[in-house]
Amino acid sequence: VIPILVAGALAFATPVLNDGDTFWHIAAGRWILVHQAVPTTDPFSYTFVGRPWVAHEWLSEVALAAAFQAAAWSGVMLLTGLAAGALVFVQAHWLLRWLSPISTLAMLAVALACIAPGMLARPHFLVLPIVAVWTQRLLATREAGKAPPLALTLVLALWANLHSSFVVGLGLAGALGLEAF
C-alpha cells in the first residue's frame, strides 16, 4: 500500500516539474522518437550545433517524451510517481527482511526525506529503482557467498542506457569483488 501511496502522491506533486532540464530531456526524447536514432551531434544548441554529443540518458529521455506525448505534463508526473513507487517497493521489500513494519516505514520516511530535493522529473530519479535492485542483488549474492548471476548484467545494461551513473554500479561491483577476492 505504501508504494502505491507514494507513487500517487508524487504523481500529483507539481514540484517534480521544478527543473528546466525536464524540457531538454523531453525534447531530446522526442528527437530520438521522430528520427528513430540516438543523436551523435548536438541538434539543439545554436552555438554548438553539429558538435559531438553523447546521449548518455537516451532511454530516460525517450520514456519522458513518451509520457509527455501520452498525457502531457500529467504523464511526466505519473512516470516520476511510478519511479518513486517502484523505489519504495524495492526498498521496503529489502528492509522487511530485517526490520519490523513500523521500523521499515520509519526508514522509508527517512530515505524519502533524504532524496526529496532530487525528486524531479529527470533521468537521475527514474533510475533509482534500478540502482536499488542492482545494489540489493549484489549484496544478496555477497551474503550468500556466490557470484552474481549473469542475468544481473541486464539490470546494469538498463541502468547504463537510462543514466550515466551506472559507473557507480560498476564501482560497487568492483569493490565487492575485491572484498570477495
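For the numbers below, each heavy atom of this structure counts, side chains included, while hydrogens, waters and symmetry mates do not.
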More than 12 foreign heavy atoms under 6.0 Å from [atom1] of [X]: is that the case here?
{"X": "L154", "atom1": "CG", "answer": "yes"}
{"X": "I4", "atom1": "CD1", "answer": "no"}
{"X": "F12", "atom1": "CZ", "answer": "no"}

In the single-linkage hydrophobic clustering (I, L, V, M, F, W, Y; side-chain heavy atoms under 4.5 Å), do [X] and [Y] co-cluster?
{"X": "V155", "Y": "L158", "value": "yes"}
{"X": "V88", "Y": "I102", "value": "no"}
{"X": "L139", "Y": "L96", "value": "no"}
{"X": "F44", "Y": "V34", "value": "no"}
{"X": "L170", "Y": "L172", "value": "yes"}

Less than 4.5 Å apart, side chain to side chain, heavy atoms only: is that true for [X] and [Y]?
{"X": "H93", "Y": "Q136", "value": "no"}
{"X": "H124", "Y": "E57", "value": "no"}
{"X": "L156", "Y": "W134", "value": "yes"}
{"X": "M119", "Y": "L112", "value": "yes"}
{"X": "E61", "Y": "W31", "value": "no"}
{"X": "P149", "Y": "T141", "value": "yes"}
{"X": "H25", "Y": "R122", "value": "yes"}
{"X": "R51", "Y": "T41", "value": "no"}

Can you name the closest pair of heavy atoms from [X] and [Y] and give their distance?
{"X": "P117", "Y": "C114", "result": "CD-O, 3.7 Å"}
{"X": "W53", "Y": "A28", "result": "CH2-CB, 4.0 Å"}
{"X": "P123", "Y": "L64", "result": "CD-CD1, 4.2 Å"}
{"X": "I115", "Y": "F125", "result": "CD1-CE1, 4.1 Å"}
{"X": "A83", "Y": "P129", "result": "O-CG, 3.3 Å"}
{"X": "A132", "Y": "V90", "result": "CB-CG1, 3.7 Å"}

Supply the atom-to-atom distance [X] [atom1] to [Y] [atom2], rounded to the nearest 0.5 angstrom.
{"X": "L59", "Y": "L162", "atom1": "CG", "atom2": "CG", "result": "4.5 Å"}
{"X": "L82", "Y": "L126", "atom1": "CG", "atom2": "CG", "result": "10.0 Å"}
{"X": "I2", "Y": "F89", "atom1": "CD1", "atom2": "CZ", "result": "13.0 Å"}
{"X": "N161", "Y": "H56", "atom1": "CG", "atom2": "NE2", "result": "12.0 Å"}

Legend entry - Residue pair L33, Q69: steps toward the side chain to side chain contact (heavy atoms under 4.5 Å, CB included) verdict: CA-CA 11 Å; L33 290 171; Q69 285 179 342; 3.8 Å; yes
Inset, instruction - Verify whether one side chain among T135 and W94 offers a donor that lies under 3.5 Å from an acceptor in the other. - result: no
Inset, instruction - Indicate whether the side chain of D42 and that of S45 have a donor and an acceptor atom separated by less than 3.5 Å. - result: yes
Legend entry - Qualifying residue, where the test is side-chain contact (heavy atoms from CB on, under 4.5 Å) with L87 and the options are L128, L108, V127: L128
Inset, instruction - Output yes when R97 and E143 qualify as a salt bridge under the 4.0 Å nitrogen-oxygen rule, no when they do not. - result: yes
Inset, instruction - Inspect the contact between E179 and R142 and indicate whether a charged nitrogen and a carboxylate oxygen are less than 4.0 angstrom apart. - result: yes
Inset, instruction - Walk me through it: do W159 and S165 pass the test side-chain hydrogen bond (donor to acceptor under 3.5 Å, both in side chains)? - result: CA-CA 8 Å; W159 184 359; S165 63; 3.0 Å; yes
Inset, instruction - Please step through side chain to side chain contact (heavy atoms under 4.5 Å, CB included) for the pair L138 and L152, ending with a clear verdict. - result: CA-CA 9 Å; L138 285 179; L152 194 57; 3.9 Å; yes
Legend entry - Full working for side chain to side chain contact (heavy atoms under 4.5 Å, CB included) between I26 and W73: CA-CA 10 Å; I26 291 170; W73 292 110; 3.5 Å; yes
